[in-house]
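Have a look at the structure below, then the notes.
Here is the naming used below: chain letters follow the sequence lines, and residue numbers restart at 1 for every chain.
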2 protein chains.
Amino acid sequence: MNLKQQRRQAGLTLAQLSERAALSKGYLSKLERGLATPTIAVALRLSRALAVSLAELYPELGEAAPGTDCTTLQRRDATPLLLPQNGAGYRALAGAQAGRRMQPLLVYPPAELGAAPTLHQHAGEEFFYVLHGTVALHFADETITLGAGDSLYFDARRAHRTQSVGDEPAEALVVIAG
Amino acid sequence: MNLKQQRRQAGLTLAQLSERAALSKGYLSKLERGLATPTIAVALRLSRALAVSLAELYPELGEAAPGTDCTTLQRRDATPLLLPQNGAGYRALAGAQAGRRMQPLLVYPPAELGAAPTLHQHAGEEFFYVLHGTVALHFADETITLGAGDSLYFDARRAHRTQSVGDEPAEALVVIAG
DNA sequence: TCAAAAAGTTTCCTATAGGAAACTTTTTTG
DNA sequence: CAAAAAAGTTTCCTATAGGAAACTTTTTGA
């Protein structure tokens, strides 16, 4: 539906998009006017060719599964502190349940990086907001230091690791969209 | 690809899923074995019938647009305070740019609800975390009061409005996935 | 152990996704 | 304004999405 708008916004003609997406000009014309329904493979090619997410071309695809009530109320400190092997403790503020788009966590980065430098890496995007203290975010090629109130939004596929620096133990709110 | 696993997990047979999704049993069998590619309309019906997100059936569809660098570093108070008509001030911590899955905001709910009770409502999901003060989250049918450190994850299609209660002005971190 | 029933697969058919190219409309340019 | 080029549409064709039903395999149960 929004295909035409997205193509226009990208400044492309049907012929240009046709080449990029490896689809015929005529077929694209039909798609734009709702005269055909693409297969998911074609929709994906369009999304890549226009460098937009699928949901922007077909908003209905972006909706969460229906019937799944995603509401979760979480009182402070009401969830247990988990300490997995990589050193950073965390609290899940809402379970990573199927059908939920985001997973919010409270993260407590360790002061010292363990001997096993396992970088955290996963699909999707991550929003990192420092609540207290100072956090060093180590990426493969750079390190970013954030103080309370600072935030970083980044592609979670970039391997990363967190460290609490300074005397006060740090606390951060992390939201992952996978 | 994961269709078979998802169907099994839901405890459904091909015939049962066939009825729910209004697709033939034989065609479903082909889909599960990769012998056919569904149109987006069919993929959506499957997603609804199984009550899972599309990305769980076809992970490649869930990926963000490639080539879009979504990284944004935001220092504390480095972004302007916006005061739109509905009364709640906010700061955008990362622009709602195309291709980004989440939009993080700092929200400053008003102490008094304006005369025009415009409820906030939009597609997607919202994660609400109270940083300071106390916030009353008004929904059509209920009001939830959150203190510092409390959080609520909910379906953003439920109309809602925020209010700062108590003497200290409240501040909340909100992340929207649209 | 052997029906009988349920689950899954295959075959064959129709409707539609998608391509090639002619055609029409709009824009550019002299 | 006219000619040419570019953008978009339509026509017609082939490949495949998707349905109906027969067929095969697995499970159930006496």
### Task
Check step by step if side-chain contact (heavy atoms from CB on, under 4.5 Å) holds for A:R7 and A:L14.
CA-CA 8 Å; A:R7 174 174 63 83; A:L14 285 177; 3.5 Å; yes
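The distance between atom CZ of A:R8 and atom P of D:dA7, rounded to the nearest whole Å, is 11 Å. In this entry the distance linking CD of B:E32 with P of D:dG18 reads 15 Å, nearest Å. Between A:R7 atom CZ and D:dA6 atom P the separation is 16 Å, expressed in whole Å. Rounded to whole Å, atom P of C:dA7 lies 11 Å from atom CG of B:L12. One can place CG of A:L17 at 12 Å from P of C:dG19, the figure rounded to the nearest angstrom. Atom CG in B:L31 sits roughly 14 Å away from atom P in C:dG8 (whole-Å rounding). Summarising the geometry, the separation between CZ on B:R33 and C1' on C:dA7 is reported as 13 Å, rounded to the nearest angstrom. To the nearest angstrom, P of D:dT11 lies 18 Å from OH of A:Y27.
Side-chain atoms of B:Y153 come within 3.5 Å of backbone N or O of A:M102 as a donor-acceptor pair. Using modelled atom types, one side-chain atom of A:R33 and one backbone atom of A:S29 make a donor-acceptor pair closer than 3.5 Å. Without hydrogens or angle criteria, A:E125 side chain to B:R101 main chain gives a donor-acceptor distance under 3.5 Å. With hydrogens and angles disregarded, a donor-acceptor distance shorter than 3.5 Å links the side chain of B:S18 to the backbone of B:L23.
If you check every strand for non-hydrogen atoms under 4.0 Å, B:S29 touches a base. Using a 4.0 Å heavy-atom distance criterion, A:L28 is classed as making no nucleic acid contact. Across all strands shown, A:R45 has no heavy atoms under 4.0 Å from either base or sugar-phosphate atoms. Backbone-only contact: A:A22 has heavy atoms under 4.0 Å from sugar-phosphate atoms and none from a base.
Nearest nucleotide to the B:L14 side chain, out of D:dG8, D:dT10, C:dT9: C:dT9. In the set C:dA17, C:dG19, D:dG19, the nucleotide with an atom closest to the side chain of A:T39 is C:dA17. Distances were taken from every side-chain heavy atom of A:K30 (C-beta onward) to each of D:dG19, D:dC12, C:dG8; the shortest belongs to D:dC12.
Judged by distance alone with a 3.5 Å cut-off, no donor-acceptor contact links the side chain of B:K25 to the base of D:dG19.
Salt bridge annotation for A:D150-B:R75: present, with a cationic side-chain nitrogen under 4.0 angstrom from a carboxylate oxygen.
The two residues A:R45 and A:A22 come nearest to each other via the heavy atoms NH1-O, 2.9 Å.
Phosphate proximity of D:dA17 to B:T37: present, with a side-chain N or O under 4.0 Å from OP1 or OP2.
Position along DNA chain D of the nearest nucleotide to B:A36 versus B:G26 favours B:A36 as the more 5'-ward residue.
Checked against the 6.0 Å centroid criterion, the rings of A:F139 and A:F154 qualify as a close aromatic pair.
If one axis is set at each end of the helix from C:dT1-D:dA30 to C:dG30-D:dC1 from five pairs, those axes are 30° apart, to 10°.
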